[in-house]
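Reading through the structure tokens given below for one structure.
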Amino acid sequence: MSEVMGLILDADGVLILKGEPIPGSNGALARLDARGIPYRVVTNYSSAHRTTLAARFSARGATVDPDRMITAASSSAAYTAERFAGRPIHVIATLDALREFDGQQLVSSEAAVAASPGEIAAVVIGDGGDELSFRNLDAAFRQVRAGAALLAMHRNPWWFTSRGPTLDSGAAVAGLEYATGVRATVLGKPSPEVFRQAIAGLRQDLGRRVPVRAIAMVGDDPDADVRAAQRVGLRGILVLTGKTTEDQLEAATLGRGRRAPDAVARSLADVVDALTRPGAALD
Ligand SMILES: [Mg+2]
């Protein structure tokens, strides 16, 4: 741990759980700030702009600067700004999440439905709620058939909301892939793209030459956080404050010859202890 200079933090299961802050996580962020250890928060949450999400966190006592957040929506917007600058793109997302694409050539759903083949450069599927309508998905289907890139904020099949288990936009992505025969490019976790953006941000704070190995991802998902980060050369630290409990640890980390996390910690607070207190260590 002594060589770790910066952190990438998952939000759900690391900073917050079921909408409430995880005890010790806010203090852990304050200690990182006090020690000058930079971090980015990476989450697949994509139905709102980062400023809205940060305000929601802060209303519950978890303070994160929106400029230090990368969501599946902001990651997708950064990607299209780079790859499709000045070209028409059709983004299916909430109005608030669409603000991440400000300054880009967004086409309205009406224009997308009326567009001629080849007119739209890329289709982005996000957590659009009722915007994931037959009409909009059918327009996306025709655009992809005509050559538009198929991009997905993530491919999560379902998630928990106040309604209980709720269908997520990954189901629409899988449907479009099935119908078009085109595999979507995913821009949220576990895609390397989201980690690339987080590493670039941390290198602005730490200097260009900081090796990827000096940055650790801290998450509660052994696959989408830990192994996905390890695949791009980051260290992967699994914490037990979210979806992985102590009982599941063996199955989550050792099963079927899968790569083990570089470290396992009870919580983010323990990770920050190991980074900032001489003598503190992780398993
Ligand atoms: Mg998580």
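Each salt bridge (Lys or Arg N to Asp or Glu O under 4.0 Å) pair with one or both residues in residues 29-50, not counting sequence neighbours, appears once here: R31-D273, D33-R68, R40-D205, R50-E100. For residues 78-87, every residue pair satisfying the salt bridge (Lys or Arg N to Asp or Glu O under 4.0 Å) rule, not counting sequence neighbours, is listed here: E82-R196. Under the salt bridge (Lys or Arg N to Asp or Glu O under 4.0 Å) criterion, no residue pair touches residues 116-132, with sequence neighbours excluded. Evaluation of the side-chain hydrogen bond (donor to acceptor under 3.5 Å, both in side chains) test over residues 102-111, restricted to residues two or more places apart or in two chains, returns T80-Q104. Among pairs with a residue in residues 153-163, those fulfilling salt bridge (Lys or Arg N to Asp or Glu O under 4.0 Å) read R155-E177, at least two apart in sequence or across chains.
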Output a table of donor-acceptor pairs, distance under 3.5 Å, between side-chain atoms of residues 3-17 and any protein atom two or more places apart or on a different chain; print 'none' if there are none.
unit_1 : atom_1 : unit_2 : atom_2 : d
E3     : OE1    : R235   : NH2    : 3.1
D10    : OD1    : K189   : NZ     : 2.7

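The ring pair (Phe, Tyr, Trp, His ring centres under 6.0 Å) test applied to W158 returns F160, not counting sequence neighbours. The side chain to side chain donor-acceptor pair (under 3.5 Å) test applied to N156 returns no partner, not counting sequence neighbours. For R203, there are no side chain to side chain donor-acceptor pair (under 3.5 Å) partners, not counting sequence neighbours. The salt bridge (charged side-chain N to carboxylate O under 4.0 Å, His left out) test applied to R266 returns D270, not counting sequence neighbours.
Summarising the hydrophobic clusters (Ile, Leu, Val, Met, Phe, Trp, Tyr; side-chain heavy atoms under 4.5 Å, direct or chained), the residues clustered with V186 are none. Listed by chain and number, the hydrophobic cluster partners of F84 are Y79, I89, V91, L95, L98, F101, L106, V124, L151, M153, L187, where partners are ILVMFWY side chains within reach of under 4.5 Å, directly or through others.
Under the 3.5 Å distance criterion, the side-chain polar atoms of T166 are matched with a main-chain donor or acceptor of G164.
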